[in-house]
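Data first, discussion second: the structure below is written as structure tokens.
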Protein chains: 2
Amino acid sequence: MSVTIKDVAKATGVSPSTVSRVIADNPRISPETKKRVRKAMKSLGYYPNVNARNLVGKSTKTIGVIMPSSADKALQNPFFPEILRGIGSYTHKLQYSLFLSTGETEEETFDEVQRMVYGSYVDGVILLYSRANDRLTQFLREREFPFVIVGKPYEHMNEITHVDNDNFAAGKEITEHLIELGHEKIAFIGGSRELFVTTDRQSGYESAMMDAKLNLPENYKFHAEFLKSGGREAVEHLFSLDNPPTGLVISDDLMSFGVLSMLEEFGLSVPREVSVVSFNNVYLSEIIRPALTTVDVQIHTLGAQSAKALIEKTINKSEPAKRIMIPHTIVYRDSASELKRKPLK
Amino acid sequence: MSVTIKDVAKATGVSPSTVSRVIADNPRISPETKKRVRKAMKSLGYYPNVNARNLVGKSTKTIGVIMPSSADKALQNPFFPEILRGIGSYTHKLQYSLFLSTGETEEETFDEVQRMVYGSYVDGVILLYSRANDRLTQFLREREFPFVIVGKPYEHMNEITHVDNDNFAAGKEITEHLIELGHEKIAFIGGSRELFVTTDRQSGYESAMMDAKLNLPENYKFHAEFLKSGGREAVEHLFSLDNPPTGLVISDDLMSFGVLSMLEEFGLSVPREVSVVSFNNVYLSEIIRPALTTVDVQIHTLGAQSAKALIEKTINKSEPAKRIMIPHTIVYRDSASELKRKPLK
DNA sequence: CTGTTAGCGCGTTCAA
DNA sequence: TTGAACGCGCTAACAG
């Protein structure tokens with residue numbers, strides 16, 4: 001079948017354990033033997049069998065990645081492939097592998113994670129979502145199984161390592177940008193209120209508005225299912241107001257796409273008549289016209305850092321829980337511009 | 001540490017091998033013992049250790065999924081999360097797991113796949129791309145390692161199991177739709193010519209045009225990097241022609257987004273002045289305005305079927321290579337409409 | 001510096 | 001119908 005450590009041993013005339021030591025680069029092996037063994041490994045095409053290795057060792061050098069259960073259409077968000085790439089970029093360097101779980105339902109996902117954990121498939125897991133009262137989170141905590149969350153945990157925030165952006169600050173800054181451009185009537189369109197991303201960004205928006213002493217009517221805050229046809233409802237609602245906004249802060253690029261199209265349908269020109277800013281900076285944001293002014297949250301880095309934090313944790317179980325903040329930057333493009341005031345009569 | 005087969009044996013007062021047989025649901029074990037053993041397994045919280053199992057058995061019940069190396073920005077295409085879901089939906093049912101490889105470069109990807117194959121991490125792999133002269137494909141063929149390709153292989157098409165759409169037919173049908181709407185000047189905008197998806201869809205377009213005896217000037221065919229700023233170039237090129245098209249067949253939804261925005265910038269109204277149709281039917285196509293008339297290629301099914309085909313192959317090595325065609329349907333939305341002819345003078 | 005031995009958790013003979 | 005013994009490929013003592 002496959003070439004094993006024994007074959008290499010035989011071919012080199014040493015014992016299997018010596019070969020094993022060479023693999024581990026044990027310093028107590030003569031450079032010369034190492035060389036010979038390595039040569040044999042190469043010529044025979046030897047590759048270690050992970051299963052055997054995992055069986056004896058304590059580490060599988062594999063981490064599990066849990067996607068949100070896909071009832072959630074949000075899954076089609078380009079955010080996910082991108083964060084996977086980020087995770088992969090780090091794990092690859094360390095020769096770690098990735099185990100993926102996509103479940104249709106919460107139930108399915110839970111199943112898979114149980115297998116991963118109990119079956120010792122993986123050393124730790126990364127949760128790509130954060131939900132209130134999440135069974136999975138609780139399960140992992142109880143088992144004291146290493147995991148990190150991308151985003152902000154709902155409970156036990158100080159006991160769970162998580163990688164996140166400062167969404168409050170981001171929300172504040174991007175809103176301030178609109179204010180600096182002269183906007184005063186600025187509305188917020190957000191996804192599900194159940195998500196911290198939404199509420200944090202919204203709080204930032206509110207804070208900026210209040211600091212600038214701007215009016216903050218309740219009906220300037222609109223929530224819809226993450227993207228979905230939410231764009232339509234939002235626009236219909238906001239622009240039938242007596243006092244429609246001239247600026248829009250939208251909590252997710254994808255949702256902005258929906259809003260942008262609606263705006264166009266309504267005959268509202270962006271950015272001439274209304275300015276739009278949002279969050280994430282997915283690739284499409286620069287493809288779309290007008291190109292989106294948006295907060296770059298560094299999705300790729302979010303992924304890489306979560307992998308890093310998790311691996312550290314699996315290696316050193318006593319590594320304390322921490323919160324890792326990934327800096328954001330604003331990318332200025334064409335969807336927001338200075339408010340053209342109507343010329344005074 | 002973890003509870004093993006031995007613990008269960010001890011608790012039940014049987015031998016480890018009996019427990020093993022119960023797990024395998026061996027018919028030669030008395031129903032009664034089975035019951036007792038199962039009860040103990042449950043109460044002790046027993047879960048089989050995969051590594052031990054894989055080590056002895058021949059199957060890992062795990063399949064590897066290879067994403068295109070991500071130098072390719074195409075990776076942000078929502079196509080990928082969706083196909084992953086499709087794969088997952090099938091593997092989950094059979095209690096299979098997913099191993100993921102995202103490499104930045106072809107080199108990295110090749111590394112990872114080598115590990116997967118030689119290290120016996122997986123029973124087989126699914127390639128989510130198809131490139132000419134692909135090292136990986138060749139490697140897998142040489143090793144006779146089970147794999148399937150989503151899309152159309154470049155070589156040895158009859159020896160490689162692949163799951164694909166009939167892109168020629170799809171291209172033809174969607175073009176015919178435009179023709180039925182009265183369009184005669186129809187251009188094609190495609191991604192990389194290196195991809196079969198592109199060329200097949202294009203051939204379908206050409207065939208429809210020829211059947212309808214319509215003019216097919218060379219400069220009606222435009223290629224650009226999959227999405228990228230290709231939209232701009234395409235529109236600039238096509239609409240500065242003496243005889244600009246009124247209909248556009250675009251080989252990928254994402255690219256359509258770019259084109260749509262460009263069209264808007266050029267002051268060309270869709271579908272009033274120009275009709276647009278494309279392929280894939282990613283979720284965003286219905287969010288965007290105008291909502292895209294596009295070919296639904298059933299991404300999810302593409303994934304599920306590739307998993308199915310692969311698993312069959314890993315179970316029965318002599319399963320013949322086959323081509324699996326996933327049917328497509330056209331989703332009629334708002335981006336294409338009847339050509340309004342200029343009133344005769 | 002290197003070889004020998006034992007054992008990781010499980011499936012599979014071969015006996016009983 | 002069940003148990004005992006062996007081995008999958010590898011690492012980790014313990015010797016030497």
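The chains referred to below are lettered A, B, ... by the order of the sequence lines, with proteins before strands, and numbering in each begins at 1.
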Quick one: which of dC8(C), dA4(D), dT1(D) gets closest to the side chain of Arg28(B)?
dT1(D)
Which residue lies more 5' along DNA chain D, comparing Ser15(B) with Ala52(A) via nearest heavy atoms
Ser15(B)
How would you label the contact of Val14(B) with the nucleic acid (heavy atoms, under 4.0 Å): base, sugar-phosphate, or nothing?
sugar-phosphate
Choose from dG9(D), dC10(C), dT2(D) the nucleotide whose nearest atom is closest to any side-chain atom of Ile29(B).
dT2(D)
Rounded to the nearest angstrom, tell me the gap between atom CG in Asn51(B) and atom C1' in dG9(D).
12 Å
Whichever of Ala24(B) and Leu55(B) has the more 5' nearest nucleotide on DNA chain C, that residue is Leu55(B)
Asn54(A) CG to dG9(C) P, straight-line distance once rounded to whole Å
13 Å
Round to the nearest Å and state the distance from Asp25(A) atom CG to dT11(D) atom C1'.
15 Å
Please pick, from dG11(C), dC10(D), dA13(D), the nucleotide with the shortest atom-to-atom distance to any side-chain atom of Asn49(A).
dC10(D)
Round to the nearest Å and state the distance from Asn26(B) atom CG to dT1(D) atom P.
10 Å
Closer to the 5' end of DNA chain D via nearest nucleotide, is it Ser17(B) or Pro48(A)?
Ser17(B)
Among dT4(C), dC10(D), dT11(D), which nucleotide has an atom closest to any side-chain atom of Arg21(A)?
dT4(C)
Taking dT4(C), dG7(D), dT1(D) as options, the one with an atom nearest any side-chain atom of Val56(B) is dG7(D)
Any ion pair linking Glu312(B) and Lys308(B) (charged N to carboxylate O, less than 4.0 Å)?
yes
Please state whether the phosphate of dG9(C), meaning OP1 or OP2, lies under 4.0 angstrom from any side-chain nitrogen or oxygen of Tyr118(A).
no
Taking the six-membered ring for Trp, are Tyr118(A) and Phe139(A) closer than 6.0 Å centroid to centroid?
yes
Starting from P on dC8(D), measure out to CD1 on Ile5(B) and report it in whole angstrom.
18 Å
Less than 4.0 angstrom between a side-chain N/O of Ser30(B) and OP1 or OP2 of dT2(D), yes or no?
yes
Between dG9(C) atom C1' and Ile23(B) atom CD1, what is the distance in whole Å?
10 Å
Are the side chain of Asn165(A) and the backbone N or O of Val297(A) linked by a donor-acceptor pair below 3.5 Å?
yes
Among all residues two or more places apart in sequence or in another chain, which pass the salt bridge (Lys or Arg N to Asp or Glu O under 4.0 Å) test with Glu155(B)?
none
Integer-rounded Å distance: dT2(C) C1' and Arg36(A) CZ
12 Å
Among dG3(D), dT11(D), dC8(C), find the nucleotide with the atom closest to the side chain of Ser20(A).
dT11(D)
Tyr47(A) has an atom OH; how far is it from atom P of dC8(D), in whole Å?
23 Å
Regarding Ser20(A) and Ser17(A), do their side chains bring together a donor and an acceptor under 3.5 Å, going by distance alone?
no
